[in-house]
2 protein chains.
Amino acid sequence: MRSYAQFCPIARALDVIGERWALLIVRELLIHPARFTDLRRGLPGIASNLLTERLRTLEEAVIVERTELPPPAASAVYQLTERGFALRHVLREVARWGAPLLDERPNDDAVDSHWLVRFATMAFRDVPTAELGPLSASIRVGPSAISLFVAANGVSISAQPAANPNVVITADAEHAVALLTGAISPANARAQAAARFDGPGGAVAQLDALLARIGAPPTPNPS
Amino acid sequence: MRSYAQFCPIARALDVIGERWALLIVRELLIHPARFTDLRRGLPGIASNLLTERLRTLEEAVIVERTELPPPAASAVYQLTERGFALRHVLREVARWGAPLLDERPNDDAVDSHWLVRFATMAFRDVPTAELGPLSASIRVGPSAISLFVAANGVSISAQPAANPNVVITADAEHAVALLTGAISPANARAQAAARFDGPGGAVAQLDALLARIGAPPTPNPS
DNA sequence: CTGCATCCGCTTCGATACTG
DNA sequence: CAGTATCGAAGCGGATGCAG
């Protein structure tokens with residue numbers, strides 16, 4: 001990409017991550033390391049040569065690392081470096097900003113629940129669940145729905161609908177993303193009628209506790 | 001821009017703000033509304049037809065608003081809508097991520113202090129200064145330097161060096177941006193030897209108090 | 001199958017010139 | 001000052017080919 005040639009942290013950042021597809025590749029790798037073909041699956045429409053080129057650029061920028069797997073699986077895996085992983089903060093804000101757009105123009109793109117799985121995976125990755133669960137929950141956002149299974153050893157996420165979830169959370173995309181990125185508390189979301197939690201009070205309380213562990217609200221600073 | 005056609009808040013956001021120059025235009029407008037030519041000045045290298053087209057796209061996306069000024073100044077001003085202003089959170093994270101890049105490749109782009117003025121302006125825009133100041137400070141980052149004038153009615157920022165600043169803050173770009181976006185406290189920055197505050201203790205304490213009002217540390221959540 | 005490289009038509013960008 | 005018009009260059013998207 002042509003550089004903006006400006007001595008400014010934003011311009012410098014965009015020199016590296018401003019190219020088409022670059023942030024979406026990072027988005028994919030934020031879930032877990034992936035192979036070339038896995039990435040293509042998650043990025044419908046990308047030309048293979050472009051993916052090759054982007055991966056090279058991201059490797060040069062020390063955002064992505066290419067690792068050759070040992071012989072049994074003669075293949076290469078791409079994963080984020082620490083600097084690449086730091087982009088989760090950028091993507092979190094991009095997602096928060098973009099979520100309302102999903103509610104506005106809900107239905108012309110291919111709809112699958114992959115995006116919800118992604119956010120749930122990121123949200124619950126390192127959240128402690130001791131003393132919580134076992135319980136199951138479903139998150140419904142328009143046509144998308146995923147399942148959560150909370151156990152003492154962590155939260156597992158599935159794109160399949162759960163049989164009989166203890167709690168069903170229903171929200172629009174904006175507030176689902178806000179909940180899953182810690183921008184809003186469950187109580188607050190309910191107070192605004194922005195989310196519904198259907199289920200027995202005890203289970204809802206447990207989910208509240210779980211969601212509260214995702215993180216603090218966004219920085220209120222004016223920068 | 002061609003749409004990613006994916007039902008995902010990140011992809012939808014990038015459909016709108018992922019085009020070349022788009023976020024830099026928003027960056028300019030975050031300081032204050034600007035006219036076409038003001039924008040060109042802040043975006044060296046942009047072609048005039050591209051700026052025209054981007055402004056139109058951003059207007060359609062309800063990020064930018066075009067306002068015709070009344071007759072005396074027969075001109076148009078571009079300013080951010082609320083949705084556009086909300087992009088400050090995205091740009092804050094982009095800046096935090098990109099700041100270390102400035103320290104790595106310090107010196108091949110045109111260097112001016114405009115970028116520091118921008119961050120300081122954003123940082124101190126709505127910060128209360130009652131009981132603080134009057135005092136002056138200088139922030140030095142490599143070849144760039146700006147001046148701060150703290151008074152009871154607010155903080156004014158200048159790209160000119162102050163004559164005899166009460167305090168001189170010296171830091172690398174990474175930590176200067178971290179300080180000005182509230183990602184790190186002054187005490188913490190000094191403890192890491194990431195920033196120096198030179199001046200009498202009383203004045204430094206006042207600057208500490210000022211910087212502490214910028215905002216809380218970044219959200220620690222793992223999304 | 002995975003991980004590319006090459007070719008080609010199309011879109012977007014960038015530089016410059018020009019106009020109300 | 002605030003754009004529009006033009007045109008070559010670069011980047012993108014899709015198809016295809018191919019080695020390991």
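Rounded to whole angstrom, the span from the CD atom of B/Glu53 across to the P atom of C/dC13 amounts to 6 Å. Protein atom CG of A/Asp38 is 10 Å distant from nucleotide atom C1' of C/dT2, rounded to whole Å. Here the P atom of nucleotide D/dA2 and the CZ atom of B/Arg66 are 9 Å apart, to the nearest Å. At whole-Å resolution of the value, CG in B/Leu24 and C1' in C/dC13 are 15 Å apart. At whole-Å resolution of the value, CZ in A/Phe36 and C1' in C/dC1 are 13 Å apart. In this structure, B/Asp15 places its CG atom 15 Å from C1' of D/dC12, rounding to the nearest Å. If you measure from atom CG of A/Leu39 to atom P of C/dC4, you get 11 Å, rounded to the nearest angstrom. Atoms CG (A/Leu43) and P (D/dC12) sit 14 Å apart, rounded to a whole Å.
A/Arg56 has a side-chain polar atom (N or O) that falls below the 4.0 Å cut-off from OP1 or OP2 of C/dA5. Here A/Arg54 reaches the OP1 or OP2 of D/dC12: one of its side-chain N or O atoms lies under 4.0 Å away. Contact between the side-chain N/O atoms of A/Thr37 and the OP1/OP2 oxygens of C/dG3 is found at a separation under 4.0 Å.
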A correct 5'-to-3' footprint of nucleotides 14-20 of chain C, with B, S and - meaning base, sugar-phosphate only and no protein heavy atom under 4.0 Å, is BBBB---
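Residues A/Leu23 and B/Ile10 fail the side-chain proximity criterion, which asks for heavy atoms closer than 4.5 Å.
By the 4.0 Å N-to-carboxylate-O rule, B/Glu174 lies too far from B/Arg96 to be salt-bridged with it. Using a 4.0 Å cut-off between charged nitrogen and carboxylate oxygen, A/Glu104 and B/Arg83 count as a salt-bridge pair.
Both cation-pi conditions hold for B/Arg88 and B/Phe85: the charged atom is under 6.0 angstrom from the six-membered ring centre and inside a 45 degree cone around its axis.
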Under 3.5 Å, which donor-acceptor pairs link side chains of residues 148-167 of chain B to any protein atom two or more places apart or in another chain?
{"residue": "B/Ser158", "atom": "OG", "partner": "B/Gln160", "partner atom": "N", "Å": "2.9"}
{"residue": "B/Asn166", "atom": "OD1", "partner": "B/Ser136", "partner atom": "N", "Å": "2.7"}
{"residue": "B/Asn166", "atom": "OD1", "partner": "B/Ser136", "partner atom": "OG", "Å": "3.3"}

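Defined by atom type and a distance below 3.5 Å, a donor-acceptor pair is missing between the side-chain atoms of A/Thr170 and A/Arg140.
For residues 9-30 of chain A, the pairs satisfying ring-ring contact (aromatic ring centres under 6.0 Å, His included) are A/Trp21-B/Tyr4, with sequence neighbours left out.
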